[in-house]
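Accompanying notes for the structure given below.
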Amino acid sequence: MNARRTAAGLAALEPTTGLTTAARTRSQDMLTNNYFAHTSPTGQTWYGLLSSAGLGYAAGGENLAKVSGSVAASVTQAIEALMASPTHRANILNPAFRKVGVGAAGQADALTIFTTIFTDR
């Protein structure tokens, strides 16, 4: 993501522990509970998760990607798919976003679910 941002003349995103923990929690929840959506079956969203963890922001977003096949190739496949989607690309290249957390949960070489949470602070 940061290579795409810097190529577009934007600052790199800074990973944070809180956002990374939230993103990992989201990915694992989707894998464990067999869904793929911005709202969990229990109604949990990324912003609810951040709020309950006491993480503040004025602007934020979430990207999800589900990739089948080789774990080694899954990151590249996910980035390519996200960049091909106008709404996901807009999150990656949003100049207001400065912080990021990325989580992944997978099943060997079968399926990997990625969650990326972006915020402005």
Can you find a heavy atom in the side chain of [X] that is under 4.5 Å from one in the side chain of [Y]?
X: Leu64; Y: Met30; answer: yes
X: Phe114; Y: Leu82; answer: no
X: Val102; Y: Val100; answer: yes
X: Leu50; Y: Thr119; answer: yes
X: Met1; Y: Met83; answer: no
X: Leu13; Y: Lys99; answer: no

Just by modelled atom types, is the [Y] backbone N or O under 3.5 Å from a matching donor or acceptor in the [X] side chain?
X: Thr6; Y: Ala3; result: yes
X: Gln44; Y: Leu49; result: yes
X: Arg5; Y: Ile92; result: yes
X: Arg89; Y: Ala84; result: no
X: Ser27; Y: Arg24; result: no

**Asked** Which is it for Arg121 and Glu14 under the salt bridge (Lys or Arg N to Asp or Glu O under 4.0 Å) test, yes or no, and what are the steps along the way?
**Response** CA-CA 10 Å; Arg121 53 182 168 177; Glu14 178 186 338; over 6 Å; no

**Message:** Is it the case that over 12 heavy atoms from other parts of the model lie below 6.0 angstrom from the CG atom of Asn33?
**Reply:**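 More than 12 within 6.0 Å, yes.
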
**Asked** In terms of heavy-atom contacts, does CZ of Arg98 have more than 12 from other residues, nucleotides or ligands at under 6.0 Å?
**Response**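 Result for CZ/Arg98: open.
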
Non-hydrogen atoms of [X] and [Y] that approach each other most closely:
X: Leu93; Y: Ala8; value: CD2-CB, 4.1 Å
X: Pro95; Y: Leu10; value: CB-CD2, 3.8 Å
X: Ala23; Y: Gly103; value: CB-N, 3.3 Å

**Hydrophobic cluster membership, Leu19 vs Ile79, 4.5 Å side-chain cutoff** =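 Different hydrophobic clusters.
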
**Prompt:** Once you round to the nearest 0.5 Å, how far does CG of Leu31 lie from NZ of Lys66?
**Reply:**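 One gets 10.0 Å once the value is rounded to the nearest 0.5 Å.
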
**Item:** Passing option when Asn63 is tested against Asn91, Thr87, Thr116 for side chain to side chain donor-acceptor pair (under 3.5 Å)
**Value:**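 Testing each of Asn91, Thr87, Thr116 against Asn63, the sole residue satisfying side chain to side chain donor-acceptor pair (under 3.5 Å) is Asn91.
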
**Request:** With sequence neighbours excluded, give me every ring pair (Phe, Tyr, Trp, His ring centres under 6.0 Å) pair touching residues 16-52.
**Result:**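 The answer is Trp46-Tyr57.
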
